[in-house]
Amino acid sequence: MVLVNKKILAGGLAMLIVGIALSINISATMPAGQTGMTEEEIIDLMIAQQETQDYNTLSGILVGIGFLLVLISFGARRKKDSVKRVEKKPAK
């Protein structure tokens with residue numbers, strides 16, 4: 001029997017799915033340049049490409065954190081009565 005914290009697992013899977021969906025969507029909308037662009041259009045294109053790359057990085061971070069939560073969920077719950085804590089009274 002695998003011990004899983006279901007709340008953490010659900011949150012991690014949700015973050016993983018949303019991050020992958022955002023990454024696919026953002027990568028598909030990368031702005032492209034054309035020949036004969038003016039200097040101002042080139043600067044606007046470079047800014048738009050940098051913003052897209054930054055959003056892609058953020059979605060990658062979301063995927064990474066979601067994956068870590070999924071991994072953490074497998075070890076986050078203890079078995080019942082597996083470890084009993086015994087408090088020792090200090091000797092006087």
Under 3.5 Å, which donor-acceptor pairs link side chains of residues 16-28 to any protein atom two or more places apart or in another chain?
{"from": "Ser23", "atom 1": "OG", "to": "Asn56", "atom 2": "OD1", "distance (Å)": "3.2"}
{"from": "Ser27", "atom 1": "OG", "to": "Ser23", "atom 2": "O", "distance (Å)": "2.9"}
{"from": "Ser27", "atom 1": "OG", "to": "Asn56", "atom 2": "ND2", "distance (Å)": "3.4"}

Interatomic distance, CD1@Ile8 vs CG@Leu68, rounded to 0.5 Å, equals 12.0 Å
Which atoms form the tightest heavy-atom contact between Thr52 and Pro31, and what is the distance? OG1-CD, 3.6 Å
Identified side-chain contact (heavy atoms from CB on, under 4.5 Å) counterpart of Lys7 within the set Asn5, Val4, Leu9: Asn5
Look only at the side chain of Gln49 and the backbone of Ala32, and say whether a donor-acceptor pair between them is shorter than 3.5 Å. no
Residues sharing Met37's hydrophobic cluster, by side-chain heavy-atom contacts under 4.5 Å among ILVMFWY, directly or via others? Ile42, Leu45, Met46
Group every Ile, Leu, Val, Met, Phe, Trp and Tyr by side-chain heavy-atom contacts under 4.5 Å, then state whether Leu13 and Phe74 land in the same group. yes
